[in-house]
Amino acid sequence: MKLKALAVACTLATMSVAAHAATEISWWHSMAGALGDRVNGLADEFNKSQSEYKVTPVYKGAYDEAMAAATAAYRAGNAPDILQVFEVGTATMMYSKGAIKPVSEVMKLAGEPFDPSAYVPAIGGYYAAPKGGGLLSLPFNSSTTVMFYNKDMFTKAGLDPNKPPVTWQELAVDAAKLKASGAKCAYTTTWQSWVELESFSTWHNVEFASKNNGFDGLDTRLKFNSPLHVKHIENLANWAKQGYFTYAGRKDEATSKFYAGECGILTGSSSSYADIAKNSKFKFGIATLPYYNDVPGAPQNTMIGGASLWVMGGKKTEDYKGVAKFFKFLSKPEVQAKWHQETGYLPTTTAAYEITKKSGFYERNPGTDVPVKQMITKTTDKSRGIRLGNMPQIRTIIDEELENVWTGKITPKQALDTAVERGNLLLERFEKTNK
Amino acid sequence: MEKRARFKSAWLPYALVAPQIIVTLLFFVWPAVQALYQSMLLQDAFGGYSEFVWFDNFRTLFADSNYLASFKTTAVFSILVAVLGLSLSLMLAAFADRVVKGSAIYKTFLIWPYAVSPVVVGVLWMFMLSPTLGIVSNWLHYIGIDWNHVLNGRHAMILIVIAAVWKQVSYNFLFFLAGLQAIPKSLIEAAAIDGAGPVKRFATIIFPLLSPTTFFLLVVNIVYAFFDTFAIIEATTQGGPGKDTEILVYKVFIDGFKGGDLGSAAAQSVILMTIVIVLTVAQFKYVEKKVQYA
């Protein structure tokens with residue numbers, strides 16, 4: 001009897017699915033854990049709001065793994081409709097002819113009104129098409145580089161816990177005091193290439209690479225061996241020798257050192273906020289990234305990080321209509337604001353920022369507006385972002401050469417010169433494959 | 001009198017070997033040819049652009065001093081992994097062979113690591129040896145060793161060798177134990193009666209009789225060190241500090257999967273394949289002469 005009831009229920013269920021044959025939209029992403037739950041929540045919310053389309057999010061591993069999976073799937077003709085790609089993969093995506101469909105085109109095709117200027121300039125500009133101002137991909141989870149500091153350790157070192165260092169010169173002084181007060185590690189950083197060279201460049205309004213950091217063409221070459229860059233790496237190397245700067249690893253190993261209470265100051269991604277707030281047993285503050293106050297134009301704005309959503313090419317019009325509907329949903333100020341407040345990622349639209357500000361969120365969570373303020377300023381040609389081919393590999397090269405500096409094998413000048421030379425070979429290779 | 005089976009039918013022997021040949025063609029020869037072809041292509045990640053460039057990818061590789069340096073790193077790494085892995089597991093197998101009580105428990109524990117994925121192995125060792133938070137690095141600190149594999153190339157190499165060996169010990173152990181148990185007890189007893197001590201018995205009887213197993217494991221371990229260890233390196237050192245732990249197969253992984261540069265990755269895997277073929281041939285030609293098959 002029970003079995004029969006079950007059979008009937010199953011038949012009914014299949015029938016109801018068949019009745020509302022919703023178009024499936026597949027979305028490959030790299031948001032694990034709590035962030036993954038949020039992504040599923042977004043898809044659910046959208047699916048419930050209408051019955052024509054069904055978005056299915058699939059976790060495909062870390063950013064680089066998801067991208068490798070998508071390239072393989074595309075070659076086999078099974079690419080997802082939407083793919084989340086990290087910011088360093090932007091050039092690879094935009095130059096892969098036919099593999100992607102620019103977001104602005106998708107919106108136009110579906111007849112959805114879409115205004116790229118609603119986006120925060122530093123974010124919208126990063127994902128903008130070289131010509132015409134349309135958006136190539138949909139900004140989704142953007143982060144930037146900020147400084148976290150341990151207020152308890154500051155007090156112990158005799159420093160004012162409400163006065164974080166603003167310039168690199170001040171950071172050195174504070175680090176010395178932290179060290180003198182017995183801190184195992186005074187200053188540390190995650191993602192050294194992103195923080196100490198890429199964001200450093202936009203923050204000081206100097207070029208990381210020629211042709212406005214690759215925005216103006218494929219024949220761009222690296223330029224991060226300028227006297228200012230060399231000076232900064234020399235400072236870091238000296239601080240490392242004196243024990244003020246501790247190198248913890250290539251990725252975000254430094255974050256756990258910071259929330260374990262080992263390090264006084266950390267530079268890293270604004271999206272580490274949730275992790276640090278959850279794991280640290282001390283008071284901490286968020287401040288802007290330090291800069292050199294003798295550099296004209298500094299501070300400008302910091303570099304974007306995180307990822308955006310790309311639409312893959314060669315799909316049916318019906319699919320694109322669904323994608324456009326979903327993107328319109330994601331761009332809603334309320335949806336954006338909620339995502340920003342829950343995850344620590346930046347609000348990608350100015351409207352989302354305004355809503356959050358009005359709601360009093362920033363007063364309740366002091367410091368969470370620091371990354372926003374750092375990014376919301378108008379960008380210059382040099383600070384809009386960095387768009388280079390083979391960027392993941394260039395980052396590895398920078399990691400390797402900088403590690404040779406921290407181990408004392410080579411001088412900062414040698415390291416940056418070699419990194420530029422090795423990276424340029426990769427840029428030439430990228431130029432050749434994307435003529 | 002030797003008995004020989006002969007096939008009466010003309011097609012049956014071919015039919016019987018056909019599955020094996022098809023599998024080899026499909027899963028080895030065809031991919032190898034593909035790799036060879038791809039190694040001469042210059043492609044973008046999505047395959048939208050593709051140009052035949054003959055040996056350009058190889059030329060670029062051999063003009064890169066960093067690539068040449070990674071041959072040395074690979075040699076050091078694979079010799080350490082093979083030698084340490086084989087001697088450690090032979091020792092463990094010799095002990096386990098002598099244990100009478102509770103041998104099943106010992107064996108189970110020794111075989112266990114093989115069931116763990118290389119990434120997990122790498123992460124486990126990395127946590128234990130993490131410069132400031134790790135347990136093992138804290139012990140090392142007490143005895144005066146300032147362990148820091150993030151900045152010390154030698155420490156980083158030791159870390160990946162430990163992780164790689166730990167993963168492979170179980171496999172070697174199984175074969176060695178089976179080999180040891182296949183040695184006739186009467187031979188060893190006879191030697192014991194003649195007054196040969198345990199060391200002498202091991203050196204003159206047991207080890208020579210184990211030589212086919214040892215030779216097989218040597219080949220397997222070298223292939224393992226060359227091809228199967230990139231996951232451990234990705235989880236622990238990412239080839240750093242500098243390029244001190246970047247072995248050839250890790251560079252293939254990085255350039256191909258992370259960089260999307262399939263042409264260069266294919267060229268590198270062709271080079272890697274050539275090295276392993278040459279090594280295997282050399283092993284069979286020179287080392288195998290010392291092997292005594294019973």
*Asks:* Give the member of B:L262, B:I254, B:D261 that has the highest number of heavy-atom pairs under 4.5 Å with chain A.
*Replies:* B:D261
*Asks:* Quick one: what part of A:Y247 sits under 4.5 Å from any heavy atom of chain B, side chain, backbone, both or neither?
*Replies:* both
*Asks:* Any idea which of A:R75, A:Q393, A:K409 has the most non-hydrogen atom pairs under 4.5 angstrom with chain B?
*Replies:* A:R75
*Asks:* With a 4.5 angstrom heavy-atom cut-off, is it the side chain or the backbone of B:Q43 that approaches chain A, or both, or neither?
*Replies:* both
*Asks:* Would you say that more than 12 heavy atoms from the other residues, nucleotides or ligands in this model lie under 6.0 Å from the CZ of B:F109, or not?
*Replies:* no
*Asks:* Heavy atoms only, distances under 4.5 angstrom: which of A:A79, A:S96, A:A72 has the most pairs with chain B? Name it, please.
*Replies:* A:S96
*Asks:* Please check this pair: side chain of B:N57 against backbone of B:L42, looking for a donor-acceptor N/O pair closer than 3.5 Å.
*Replies:* no
*Asks:* Under a 4.5 Å cutoff for heavy-atom pairs, which residue among B:T60, B:N66, B:D64 has the most contacts with chain A?
*Replies:* B:N66
*Asks:* Side chain, backbone, both or neither: which part of A:A69 has a heavy atom under 4.5 Å from chain B?
*Replies:* neither
*Asks:* Which of the residues A:K251, A:E401, A:E253 is involved in the greatest number of heavy-atom pairs with chain B at under 4.5 angstrom?
*Replies:* A:K251
*Asks:* Taking atom CZ of A:R387 and atom CG of A:L136, what is their separation to the nearest 0.5 Å?
*Replies:* 6.0 Å
*Asks:* Testing A:E198, A:R250, A:Q192 for side chain to side chain contact (heavy atoms under 4.5 Å, CB included) with A:R395, which one passes?
*Replies:* A:E198
*Asks:* For B:S50, which atoms come within 4.5 Å of any heavy atom of chain A: side chain, backbone, both, or neither?
*Replies:* neither
*Asks:* Do the two ring centres, one from A:Y187 and one from A:Y244, sit under 6.0 Å apart?
*Replies:* no
*Asks:* Can you say whether A:E262 sits under 4.5 Å from chain B via the side chain, the backbone, both, or neither, judging by heavy atoms?
*Replies:* side chain
*Asks:* Let me know if A:K432 has heavy atoms under 4.5 Å from chain B in its side chain, its backbone, both or neither.
*Replies:* both
*Asks:* Are there over 12 heavy-atom neighbours, none belonging to B:F62, within less than 6.0 Å of that residue's CZ?
*Replies:* yes
*Asks:* Heavy-atom distance under 4.5 Å to chain B: side chain of A:N390, backbone, both or neither?
*Replies:* side chain
*Asks:* Report, as yes or no, whether the 6.0 Å neighbourhood of atom CD on A:Q242 holds more than 12 heavy atoms from other residues, nucleotides or ligands.
*Replies:* yes
*Asks:* Atom CZ of residue position B:F257 - does it have more than 12 heavy atoms of other residues, nucleotides or ligands inside 6.0 Å?
*Replies:* no
